[in-house]
Every structure is written in C-alpha cells, then in structure tokens.
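Just the heavy atoms: all of them, side chains too, but no hydrogens, waters or symmetry mates, feed the values below. For ligands, and for the atoms within them, numbers begin at 1 and follow the listed sequence.
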Amino acid sequence: MPTTICFINQKGGCGKSSSCFHLGGHFARSGRSVLLVDADPQGSLSQGFFGSAAIEGLPAGESLAAVFDDAPPLTTLVVSTPFPGLSMVRANAALGRHNCPEPETFGLKQFALAALLEEATGYDLVLIDCPPNLYQCSWNALLAADFVVVPVPPEDFATQGLRAIHQAVEHARHLNPRLALLGHLVIRADSRLLVHRSYEQHLRRLYGEAVLSTVIPEASAYKLALSTRTPVSFHSPSSRAARLVRDLGDELLRRAAPPAERRKIA
Ligand SMILES: Nc1ncnc2c1ncn2[C@@H]1O[C@H](COP(=O)(O)OP(=O)(O)OP(=O)(O)O)[C@@H](O)[C@H]1O
Ligand SMILES: [Mg+2]
C-alpha cells in the first residue's frame, strides 16, 4: 500500500497546494509512482496542472465529488498529468456542497475518501491537498491518511490555528488509529525578516521534533514554475528551490518509514 500524506491547515494561502504540487513533482521525477488527490473545492492543485478553464468545466462525476454521490472505482477518477509517474484525482466547485462543517454527522461518507484509496495499491505515495478548514473534505483526508503535514508560514495568524489541527488529528485517531503527525513544515519563510526568524524559533521551542528541519523559503522560483504548470523539480531541477523540495521529500520519507527502514534510508 502507498504512504498517504495529507497537507492540512485552516489558514488559507499557507502553501498546502504548492507543497503537494512541487513535492508530487519531485517524488515522480525521482522514480516513484505518485497519486495527487485534490480534496479542496477551490481546485487549486487541479488548476495548477490543467488550468482554470479545464477544471471549472470538469463534470462532477469525473472529480472527487463523485465519491460522495456514489462509489466509483478509483480508475475512473484518475487522470495522468504531463509528468511521468504523476497522476491525480481532480476537484472543483462541485465538491463544495459536500464540504459540510459537521463531518461526523455524515455517517459512512466520512470514510468515502478512505474507501476510494483502498484501491490505490499501485502507488508509492498519495498526497492529499486539503481546503483551508476542518470540514468534511479535510476530515475525510484525516481518516484516509497515514500521516499529516501542517504547512505553517512563520507568522502569528498562521500559527494561531495549530491547536485546533492537533485536536482534529487526535480526534481522527479514534477512527483511524494509524494516523500520525509527520511534522509542521515552516514554509514561505523570509529569513531577512526578524519576525519570521522569531516565529520559527518559537515554533521549534513549542513543538520541538514535530517541526521539520527543512524550511521552504518564500521564493519566486515556486511561483514561476507553477505559472508554467510545471513542478519546480521538472522546471528548474538544479535550482535551490528544487533542492529544498528534494530535501523536504527525503525528510518526509525518513520520518514516514518504519524504524527498521529508517536506518536503511539514513
Ligand atoms: N514557498 C513559496 N514561495 C513563494 N510563493 C509561494 C510559496 N508557497 C506558496 N506560494 C504561493 O502562495 C500562494 C498560496 O499558496 P497555496 O495555494 O499553495 O496555499 P494554500 O495553503 O493551498 O491556500 P488555500 O488555503 O487557499 O488552499 C500561491 O500563489 C503559491 O504559488
Ligand atoms: Mg490550496
């Protein structure tokens, strides 16, 4: 079975979709078979690969919304991206009506994504991009995933919601006992800003090992690559931005590996 990681934070614009986009590209370029799941009605990750017109016009039955209406086989929802080894399940606004704020009242639909991903046996990695809230789509992701990554820009508004995420992860573990926090990812960091450096230190003091060592800076290379619908590892493989995504991918795999495997990877 693949390693399934969801990217979650209630804060908008903190780099969840960007992390999935560039990490997905890195993992695929390094020879892994990767499935990206867009679980956000905004459809940002889908638009990142296919453009806004194609995603706005996507029929609900070909998007993740279909899993809440009936139980289609995974293969009917998966499409290839232009990048070898990188496939995805797309989403758009049709997912919005399923993203209700009280997910636990949703009975079996809480497990709709988990049920879909039981068929994802041919992949090494599944990365799930969540919307900026802890409603039905994020809850489904928490019940389907093995691991959670929380992208956090080192600023006050971004760090305020972390307690609610920890509570949601703890809560989800009652229904999905294998779920574990892989780490907080300091992202969009500007080392020239004292306030960013201070918040990063604050996060590391507060959460210790639960903060990933790799930091993803605010860098135009990520935006530029996205604007060409190309993950940075394909767009500019020898750039610092691509190297940091590779470091991040390595760190995530190290942390996700079972203890015996961890020694081999190190
Ligand atoms: N490290 C980075 N450096 C520069 N720009 C970035 C970086 N990470 C993300 N961005 C840009 O910031 C914007 C918001 O990022 P992104 O869409 O990934 O956030 P998000 O958390 O998925 O947002 P939402 O909560 O709305 O889904 C995008 O334009 C993205 O290209
Ligand atoms: Mg997003």
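Here the side chains of L181 and V150 are in contact, with some heavy-atom distance below 4.5 Å. Between L125 and L35 the shortest side-chain heavy-atom distance does not fall below 4.5 Å. In this structure the side chain of L142 reaches within 4.5 angstrom of the side chain of V148, judged on heavy atoms.
Considering backbone and side-chain N/O atoms, D129 never comes within less than 3.5 Å of an N/O atom of ligand 1. Looking at C14 next to ligand 1, an N or O pair under 3.5 Å apart turns up. The shortest N/O to N/O separation between G13 and ligand 1 falls below 3.5 Å. Ligand 1 has a nitrogen or oxygen under 3.5 angstrom from a nitrogen or oxygen of K16. The shortest N or O to N or O distance between S17 and ligand 1 is below 3.5 Å. Between S18 and ligand 1, at least one pair of N/O atoms sits closer than 3.5 Å.
In this structure, the side chain of E119 engages the main chain of L74 through a donor-acceptor pair within 3.5 Å. The closest donor-acceptor contact from the side chain of S227 to the backbone of L224 lies under 3.5 Å. S87 places no side-chain N or O within 3.5 Å of a backbone atom of S80 that could act as its donor or acceptor partner. A donor-acceptor pair is defined here as one N or O able to donate and one able to accept, closer than 3.5 Å; no such pair exists between the side chain of Q42 and the backbone of A91.
The proximity of A219 to ligand 1, defined as any non-hydrogen pair under 4.0 Å, is limited to the backbone. Contacts with ligand 1 closer than 4.0 Å are made by backbone heavy atoms (N, CA, C, O) of K11 only, the side chain lying farther away. Within the 4.0 Å heavy-atom criterion, neither part of N9 lies near ligand 1.
Atoms of ligand 1 lying under 4.0 Å from any heavy atom of D40, numbered from 1 in the order shown and given with element: 27 (O). Near P132, the atoms of ligand 1 lying under 4.0 angstrom from a non-hydrogen atom of the residue are 25 (O). The Y222 neighbourhood of ligand 1 comprises atoms 1 (N), 2 (C), 3 (N), with distances under 4.0 Å to a heavy atom of that residue. Heavy-atom proximity to G12, at under 4.0 Å, picks out these atoms of ligand 1: 25 (O). Residue-ligand proximity, I216 to ligand 1, at heavy-atom distances under 4.0 Å covers atoms 1 (N).
The protein atom (non-hydrogen) at minimum distance from atom 26 (O) of ligand 1 is Q42 NE2, 3.1 Å. Among protein heavy atoms, atom 12 (O) of ligand 1 sits closest to R188 NH1, 2.8 Å. L226 CD2, 3.5 Å is the protein heavy atom nearest to atom 31 (O) of ligand 1. From the protein, the heavy atom lying nearest to atom 29 (O) of ligand 1 is K223 NZ, 4.2 Å. Closest to atom 19 (O) of ligand 1, if we only count protein heavy atoms, is G15 N, 3.0 Å.
Pairs of residues two or more places apart, or lying in two chains, that qualify as ring pair (Phe, Tyr, Trp, His ring centres under 6.0 Å) and include a residue from residues 10-33 are F21-F49, H22-Y222. Evaluation of the salt bridge (Lys or Arg N to Asp or Glu O under 4.0 Å) test over residues 195-217, restricted to residues two or more places apart or in two chains, returns E200-R204.
Taking Ile, Leu, Val, Met, Phe, Trp and Tyr as members and joining any whose side-chain heavy atoms lie under 4.5 Å apart, directly or through other members, L194 forms no hydrophobic cluster with any other residue.
Side-chain atoms of E251 and T214 include a donor-acceptor pair closer than 3.5 Å. In this structure, a donor-acceptor pair under 3.5 Å is absent between the side chains of R97 and N99. For the 3.5 Å distance criterion, the side chains of D124 and S33 fail to qualify, holding no donor opposite an acceptor.
At a 4.0 Å cut-off, not a single heavy atom of S44 sits close enough to ligand 1 to count as contact. For the pair P217 and ligand 1, a heavy-atom separation below 4.0 Å is found.
Using cut-offs of 30° and 60° on the angle between ring planes, the pair H166 and Y207 is perpendicular.
Under 4.0 Å is where a charged nitrogen must lie from a carboxylate oxygen, and between D38 and R90 no such pair does.
Near-neighbour remark for the Mg ion (ligand 2): protein N, O or S atoms under 2.8 Å are S17 OG; waters not counted.
What you find for S17 and L45 is that their closest heavy atoms are O-CD1, 3.7 Å.
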